[in-house]
Amino acid sequence: MKIVVIGLGQCGGRIADEFARLNSRARSRRGIEIVTGGFAVNTDAADLSGLTAIRRDYQHRILIGGRKTGGHGVGKINELGAEIAKEDSDKVVDAIRTTKRFYETDAFLLIAGAGGGTGSGSLPVMVQHIKERYSDKPVYAAVVLPFEHEEQTEERTIYNTATCLKSTYSVADAVILIDNQRYIRKDSSLANNLAKINNLIAEPFYGILCAGEEKKPKYIGSKLLDAGDIMQTVVGWTVLGYGTSQIPLLRFPGERTRDFIKKGTETQKGIQAMDAAISELSLNCKPEDSRRALYLISAPSREMNMDLIKELGDYLRSLAPQATIRNGDYPRRRGLLDVSVILSELSDVEKVRNYYTTSASLIPAMKKRQEETVDKLKIIEETSKDIPSLL
Ligand SMILES: Nc1nc2c(ncn2[C@@H]2O[C@H](COP(=O)(O)OP(=O)(O)OP(=O)(O)O)[C@@H](O)[C@H]2O)c(=O)[nH]1
Ligand SMILES: [Mg+2]
């Protein structure tokens, strides 16, 4: 599958940069293209210049709201991010048109952090505009949810997240949920390592995007996972997972793969990798709530057989009994068996519901504070009425 990737705000831009790197990897190691265009959009000029893989020209690193923000961001006010995106959306749409292999593009992926200002506000606006212009291609939004410490110290974070999620869900074909907090639960050193987190966020997309673009027969499995499978699966609230399992590289001479015991261990390795993928989902949710799912298994071809693929399918079916499950196998990596999973069309996502309830309860207090501020400012202005002005 080939996609155009557009990162909005700092978080979105950095993850889009990661996708541009994935594309270089696919091109140099596999001779295939998975990202036809990589763009970063921001109100902050410094953030744009900090990227490394996205092309350096103004049509790929797009500064919006220049006059309003002076190139310094919107400081967490996502309403302002949305307003600027409305004014400057043509800049982005025009830039997309310059994509060389645009006609080969299957879908759009827009990415932003929900807790900030620029990305959070511009995401739903840009999704809507791109959908209007390119109604024949699906538009997916990847929304990065804030760290817990950000929610605790700043209630704007929760409010921004809630408004971003609600608005984006109403216009995007799918919302891929990525919870920052999940990536530091296991390894707290990652809290200070956003680059590593971004790398982990983008990784599950690699195999999924590459699989359908393979041209060499030896890398084409018994069931090719292509753009059609992905587009049929990815709808509504969506999460992703990725798990690996090591397999020994060396075999003893004369050893056969099809041995009964061997086959047993292969299946076990597969289940292990799928378990890892499910326990490492990009957001904690209940797999049984998903209505569409997909898994891709990638391993050296001699490690893959129909039993393994079937066992994995049965296993996923037991976890997500109501889902239509699509699958593919991708004979590829040496010494490693990996499984990528997408759970989509989730009928319930507790974390999203919580953002909505908490945010709704915050609104009256936020309004009251604002009114109080206005009242206080009025008082101070009144007291100054007998003071001469210099203007
Ligand atoms: N995973 C990841 N999350 C990030 C990164 N940078 C920021 N975030 C998260 O994204 C949220 C939004 O932050 P930014 O992307 O910096 O905000 P922005 O869209 O640039 O908006 P303003 O700076 O307010 O104009 C933050 O609350 C963080 O949780 C990053 O590089 N990786
Ligand atoms: Mg910023």
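FYI, side chains are in, hydrogens and waters are out, and symmetry mates aren't considered; it's all heavy atoms of this structure. Each ligand, and each atom within it, is numbered from 1 in the order the structure gives.
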Which of the atoms of ligand 1 are close to [X], meaning less than 4.0 Å from one of its heavy atoms?
{"X": "P146", "value": "29 (O)"}
{"X": "G113", "value": "10 (O)"}
{"X": "I197", "value": "1 (N)"}
{"X": "N198", "value": "1 (N), 2 (C), 30 (C), 31 (O), 32 (N)"}

How about [X]: does its [atom1] atom have over 12 heavy atoms from other parts shown lying under 6.0 Å from it?
{"X": "E350", "atom1": "CD", "answer": "no"}
{"X": "H72", "atom1": "NE2", "answer": "no"}
{"X": "R317", "atom1": "CZ", "answer": "yes"}
{"X": "I380", "atom1": "CD1", "answer": "no"}

N or O pair under 3.5 Å between [X] and ligand 1:
{"X": "V74", "value": "yes"}
{"X": "G117", "value": "yes"}
{"X": "R14", "value": "yes"}
{"X": "T118", "value": "yes"}

* Asked: Which bit of I201 is near ligand 1, meaning a heavy atom under 4.0 Å away: side chain, backbone, both or neither?
  ->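 Side chain only; the backbone of I201 stays clear of ligand 1.
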* Asked: At a non-hydrogen distance cut-off of under 4.0 Å, which region of E150 contacts ligand 1 (side chain, backbone, both, or neither)?
  ->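 Side chain only.
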[atom]: which protein heavy atom is closest, and how many Å away?
{"atom": "atom 19 (O) of ligand 1", "result": "G119 N, 2.7 Å"}
{"atom": "atom 20 (O) of ligand 1", "result": "Q10 N, 2.9 Å"}
{"atom": "atom 8 (N) of ligand 1", "result": "C11 CB, 3.4 Å"}
{"atom": "atom 3 (N) of ligand 1", "result": "N180 ND2, 3.1 Å"}
{"atom": "atom 12 (C) of ligand 1", "result": "G116 N, 3.3 Å"}
{"atom": "atom 24 (O) of ligand 1", "result": "K76 N, 2.8 Å"}

* To do: Please confirm whether D44 comes under 4.0 Å of ligand 1, counting heavy atoms of the residue only.
  =>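 Checking ligand 1 against D44, which is what was asked, there is no heavy-atom contact under 4.0 Å.
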* **Lys NZ or Arg CZ of K131 over F108 ring: under 6.0 Å, within 45°** =>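 No; the conditions do not both hold, so K131 does not lie above the ring face of F108.
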* **Axial cation check for F102 ring with R97, 6.0 Å and 45° limits** =>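 Here R97 fails the 6.0 Å and 45° test against F102.
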* To do: State the CG-CG distance between L343 and L319, to the nearest 0.5 angstrom.
  =>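 One finds 8.5 Å between CG of L343 and CG of L319.
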* Determine, counting only non-hydrogen atoms of the protein, whether one lies under 4.0 angstrom from atom 16 (O) of ligand 1. =>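 Yes, because at least one protein heavy atom sits under 4.0 Å from atom 16 (O) of ligand 1.
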* Any chance the rings of Y206 and F19 have centres within less than 6.0 Å? ->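 Not under 6.0 Å, so no.
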